[in-house]
Amino acid sequence: MSEAASSVVVQKYGGSSVSTAEKIRTIAKKICDRARSGHRVVVTVSAMGDSTDELIALANDVTGPRTSPSLREMDTLLSTGELVSSTLMAMAIHSLDQDAVSLSGQQAGIRTNAIHGSARIASIDTARILRELDSGRVVIVAGFQGLDETGDVTTLGRGASDTTAVALAAALSAERCEIYTDVDGIYTTDPRIVPGARKLQEIGYEEMLEMASLGAKMNPRSIELAAVYGVPVLVASTFDDVPGTLIHGGEPTMELRRAVTGIAIDRNVVKIIVRGVEDRPGVAAGILQPLADAGISVDVIVQNTSDDGTTDFTFTVGEADGQRALDLVKRQQDVAFRDATDGGELAKVSIVGTGMQNGPGYAATMFSALAGAGVNIDMITTSEIRITCIVSREDVTAAASALHDAFELDRAE
Ligand code: ASP
Ligand code: MG
């Protein structure tokens, strides 16, 4: 067998890519071409279009407003969305005279824990998939689902077909995992905000994680998995035949040598200010523990040095959690403070790049670029490979453009 013939490629097609019969037929052709060029092809699909949302709405309709659907039944219901798209894809491939088989998560050997609605993959028994590949078939695996120890169907969480794809690629030691979607790659920043944004040929896992959790399109959990198992991931357009972006952990080549790789933007930030907080051990834990218990993640945290034995404690949460977070702070009994207020709607603008680790001056460049654009910085936080400024929402475009220019991200290297 030639090397190409033995190597496995895992492809994933998202919901918008398989939303109609015509699109499924177009993709089936693409898959056949790949299989006929000598690759062993495993494909994961999401449910067609918005069908997962439609199933959730149906479930809520039958239970009515006063009860919520059983999580176990919900998982089996939602898993059918991916069964529809995977079986249709297999049929479309058959019509092109290529052997193919669809497998549910269970049939594909995907075992998970028992957390319905957000199950984690525990293991993948690849025996069945390998058998099918050996007999010359393309294997289509229903995304986003598995089976728990008791034999019940589980789903992996919204948007988790990416996770299925990367997990399959890891288990099959695939050459790479290809995520086909309605964007054609990862950009230096959001092209809708900065028209000069440029598509990256490649990006490192860590950088991609920062970009993904801050708004670039890709499920962060799947990137984490790819990083752990060293699976190269290509993000590319389903229907436009243009080069995508390769996410990998290899030796930095050209673009990864840049200090700053991209500008991440997140508009959904609100700030909560707790003033006149008593200054003693346990205060931060006292304020934030109830939020953690409620599943609210707190992002930027700033505590001032103490003044007259009291301090101000400010933090940000996602917009959707803002009101709940404020209520929880006000209701907690452990920590005395003067008042807690909603500090308003803000945004996060970050420069991201592994190259920043060993060079000084990036923060200074960032701050002076923002100053030059007349953007006021509300809060600042850093990690090894990221510097984040919280700014007002109206300033996002000016801030991102100024930073894109200052770090010359529009320039191909
Ligand atoms: N169909 C599932 C969802 O809509 C999984 C996915 O699309 O990745 O969340
Ligand atoms: Mg979907």
Side-chain angles (χ1 to χ4, degrees), residues 10-21 23-24 27 31 42-61 68-69 71-90 102-108 110 112-113 115-121 124 139-148 152-171 177-183 186 208 212-213 215-226 231 233-239 244 247 320:
V10 176
Q11 301 189 329
K12 180 258 176 178
Y13 294 91
S16 60
S17 299
V18 295
S19 59
T20 64
K23 288 182 177 177
I24 291 176
I27 293 168
I31 294 170
V42 175
V43 177
T44 303
V45 285
S46 289
M48 293 173 73
D50 296 328
S51 58
T52 305
D53 293 322
E54 285 154 19
L55 291 171
I56 292 171
L58 264 177
N60 288 323
D61 283 350
S68 22
L71 294 175
R72 177 190 179 276
E73 303 306 330
M74 192 64 145
D75 268 1
T76 305
L77 175 70
L78 295 189
S79 73
T80 65
E82 271 72 7
L83 296 181
V84 170
S85 52
S86 57
T87 48
L88 290 175
M89 185 62 77
S102 71
L103 299 175
S104 66
Q106 169 181 10
Q107 291 170 319
I110 299 175
T112 73
N113 66 14
I115 315 286
H116 285 291
S118 55
R120 298 246 152 196
I121 297 176
I124 302 182
V139 179
I140 316 290
V141 178
F144 160 73
Q145 57 186 270
L147 203 71
D148 71 13
D152 281 334
V153 171
T154 52
T155 65
L156 308 178
R158 296 306 307 267
S161 293
D162 286 356
T163 305
T164 302
V166 172
L168 284 169
C177 180
E178 301 174 347
I179 306 280
Y180 290 103
T181 167
D182 48 11
V183 297
I186 308 300
M208 186 58 213
S213 58
K217 235 190 168 182
M218 176 104 201
N219 183 332
R221 184 172 150 198
S222 59
I223 298 161
E224 228 162 61
L225 197 62
V231 179
V233 177
L234 178 79
V235 179
S237 162
T238 309
F239 299 110
I247 308 168

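Small disclaimer: the values here were computed from a predicted structure and weren't measured. Each ligand, and each atom within it, is numbered from 1 in the order the structure gives.
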Chemist: What part of A160, side chain from CB on, backbone N/CA/C/O, both or neither, has a heavy atom under 4.0 Å from ligand 1?
Modeler: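 Contact part for A160 vs ligand 1: backbone (N, CA, C, O).
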Chemist: Testing the basics here: between S17 and I27, what is the closest heavy-atom pair and its distance to 0.1 Å?
Modeler: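 Scanning both residues, the minimum pair turns out to be O-CD1, 3.1 Å.
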Chemist: Any nitrogen or oxygen of D162, main chain or side chain, under 3.5 Å from a nitrogen or oxygen of ligand 1?
Modeler: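 No - when backbone and side-chain N and O of D162 are compared with those of ligand 1, no distance drops under 3.5 Å.
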Chemist: Taking all non-hydrogen atoms of both residues, which atom of M48 and which atom of V84 are closest, and how far apart?
Modeler: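 Residues M48 and V84, closest heavy atoms: SD-CG1, 3.9 Å.
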Chemist: Check whether any heavy atom of G159 sits under 4.0 Å from an atom of ligand 1.
Modeler: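 Under 4.0 Å: yes for G159.
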Chemist: Scan side-chain atoms only and decide if S46 and S161 contain a donor-acceptor pair under the 3.5 Å cut-off.
Modeler: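 Yes.
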Chemist: Taking atom types as modelled and ignoring hydrogens, do the side chains of T164 and T44 form a donor-acceptor contact shorter than 3.5 angstrom?
Modeler: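 Side chains of T164 and T44: no pair found under 3.5 Å.
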Chemist: Answer with yes or no whether the side chains of T154 and D75 bring together a donor and an acceptor at under 3.5 Å.
Modeler: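 No, no side-chain donor-acceptor pair sits under 3.5 Å.
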Chemist: Could you tell me, atom by atom, which parts of ligand 1 come under 4.0 Å of a heavy atom of R158?
Modeler: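 So the atoms of ligand 1 that pass are 3 (C), 4 (O), 9 (O).
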Chemist: Please compare G14, S161, A142 and report which has the shortest non-hydrogen distance to atom 8 (O) of ligand 1.
Modeler: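 Closest candidate by heavy-atom distance is S161.
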